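In this text, all values refer to a predicted model and were calculated from it rather than measured experimentally. Hydrogens, waters and symmetry mates play no part in the numbers below; they use all other heavy atoms, side chains included.
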Amino acid sequence: MAEKITARSVDYSQWYIDIVLNAKLADYSPVKGCMVIRPRGYAIWERLRGELDRRFKETGHQNAYFPMFIPMSFLQKEAEHVEGFSPELAVVTHGGGEKLEEPLVVRPTSETIIWSKYRDWIQSWRDLPLLYNQWANVVRWEKRTRLFLRTAEFLWQEGHTAHETKAEAEAETAQMLEVYRKFAEEYLCLPVIAGRKSDSEKFAGAVETYSIEAMMQDKKALQAGTSHFLGQNFAKAFDVQYQTREGSLDYVWASSWGVSTRLIGAIIMTHSDDKGLVLPPSLAQDELVIVPIFKSDNKASVMEYANKAFGLFKAEGLRVVIDSDDSQSPGWKFAEWEMRGVPIRVEAGPKDVASASVVMVRRDSGEKVQVKLEEAPAMAKELLKRMQKELLEKARTFREANTKDVRNMDDILAFYGKEIVAKNQPADDGESHEGTSEAKGGFARGLWCGSRDCEARLKAELKVTIRNLPSGMQDNCSGACCLCGASAKHMAIFARSY
RNA sequence: CGGGCUGUAGCGCAGUGGCUAGCGCGCUUGGUUCGGGACCAAGAGAUCGGAGGUUCAAAUCCUCUCAGCCCGACCA
């Protein structure tokens, strides 16, 4: 018996860690809170990044790169921004053996350094819009970290755009949220709810923040991406004015938006099972693995057959790998490739050679089919296509099954449980029950009055927060706030979250 | 920053005062296996997180310290 994965039902947190470590996606680093992304994890990031980058270019954006060091004073130019980020800054005080005149912040996000340059680059309405994106690492000194979901340093992309009008900047904010939503659903098989954040949850320095929210298998919410309408806040902080078509001066309107390596955590937590990683085919480095099954006396013929199959898949443009290692048994390999999340396993043994066929097994459903070798590539494509579709459907079904409409506090209490299950309390038997509490509830959908107090009280009592105010559901929000009974203004999605 | 747990071979662990620190997995070599995590044999691999102390004797007891993980508050 080799690596073992803790079952989700036993300890969801431990299950997640086991998947990340055993599937060799990432590892801990010598520096607390940081992570090493291993080749198999990085391969997922590369594919994800490639597709997202394509979609950014398609919507008219260009990539650029800004330095990771930002003068401390830049952060201080926008009041809310500095307030929001200062607790988690990493600061460089020395360079070249000497104390720096002004400390440098390792970027937690790049609005400030980018807007300091936008000031130089924007004079006229003819210079607008600027639609820039950068792929970079950022550092936020988090107290509490978790592989992929929250690390002190993480990889992301941050789009920073500058516009002539408010409407244009708002349209950009909405457009990018939609790019994220479609990307999450089509490519990552991650059903998400797009909507606006409440004031207390919005980005430090934004006028409005929008997010896409996904539900993990423990029914907790994960913010999978954000798009911010920044108004003229950064333009004012960095004095970025342009001459309008009418000849007057006005501040530039802005948006910023980002997704990070956290998405990898979202994918794991949404699709994987107790056997290991389950990946959407779109993201898998290898779509198929061929496992030849041979004994010493038929190795040559089986390998020849397996290689032939390999060639056929390859010729059809499929990403295929062959596991010809003869020091491991087939059973070991099956388990290992399941752990790694390869979408389809192709078994080729003496029986298959004899019948000129192969056995194909889907990673997600375990569905097994035997097909003639020449039909195998077409069947593989079909299975991959179905898997991509069904992973999304399955996740959506799960989310819907765990979403409830709530009208009042009684509904909410019934849904989430009156008491928060205490974690880490040693039980009478002395055993640790760490992390075993099943998350109750899921997404609650209900009317909200818009009061910050209501929101804060709910958070304090149940650790439930407003994830967002879903787009397309904000009309006809008349009725009573499900928290306080006052007249409601919004429809909100409530959940416990990561 | 609070709470809990843990530092002994690459990994997971056992060893609660006694002289040569064990076990499983993994690794190396050779052989037999091979359709759901095979087996046999022979090997390699550790100054027991660190410092100080108690003792004839310390992985084990005491003091200090460092680190990591998980949980909580804060956050993409």
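At a threshold of 4.0 Å, the pair A/E374-A/K308 does not count as salt-bridged, since none of the basic side-chain nitrogens sits closer than that to a carboxylate oxygen.
For A/Y28 and B/G68, the OH to P distance is 12 Å, given to the nearest whole Å. Rounded to a whole Å, the OH atom of A/Y498 is 9 Å from the P atom of B/G72. Per the geometry, CD belonging to A/Q328 stands 15 Å off P belonging to B/G36, to the nearest Å. In this entry the distance linking CH2 of A/W332 with C1' of B/C34 reads 14 Å, nearest Å. In this entry the distance linking CG of A/D297 with C1' of B/C34 reads 10 Å, nearest Å. In this entry the distance linking CG of A/D18 with P of B/C69 reads 15 Å, nearest Å. The distance between atom NZ of A/K220 and atom C1' of B/A76, rounded to the nearest whole Å, is 16 Å. B/A76 atom P lies 17 Å from atom OH of A/Y210, rounded to whole Å.
For A/S13, the listed nucleotide lying nearest its side chain is B/C70; candidates were B/A76, B/G36, B/C70. Closest contact between the side chain of A/A335 and the listed nucleotides B/G36, B/G35, B/C34 involves B/G36. Distances from the side chain of A/K463 to the nucleotides B/A76, B/G72, B/G36 place B/G72 closest. Nearest to the side-chain atoms of A/K459 among the listed nucleotides B/A38, B/C74, B/G35 stands B/C74. Considering only side-chain atoms of A/K143, the nucleotide from B/C75, B/C1, B/C34 that sits closest is B/C1. Side chain of A/E142, nearest nucleotide from B/G37, B/G36, B/A76: B/A76. For A/R150, taking side-chain heavy atoms from C-beta onward, the closest of the listed nucleotides B/G35, B/A38, B/C75 is B/C75.
Across all strands shown, A/Q14 has no heavy atoms under 4.0 Å from either base or sugar-phosphate atoms.
For A/R467 (side chain) and A/I212 (main-chain N/O), no donor-acceptor pair under 3.5 Å exists by modelled atom type. In terms of modelled atom types and a separation under 3.5 Å, the side chain of A/S451 and the main chain of A/D453 share a donor-acceptor contact.
B/A76 has no stacking from A/W156 on its base ring, since the centres under 5.5 angstrom apart and planes within 30 degrees of parallel are not both found.
If you look at A/F443 and A/F415, their ring centroids are not closer than 6.0 Å. Aromatic ring centres of A/F154 and A/W156: separated by under 6.0 Å.
For A/S260 and B/A76, a side-chain-to-base donor-acceptor distance below 3.5 Å is present, hydrogens and geometry of angles not being considered.
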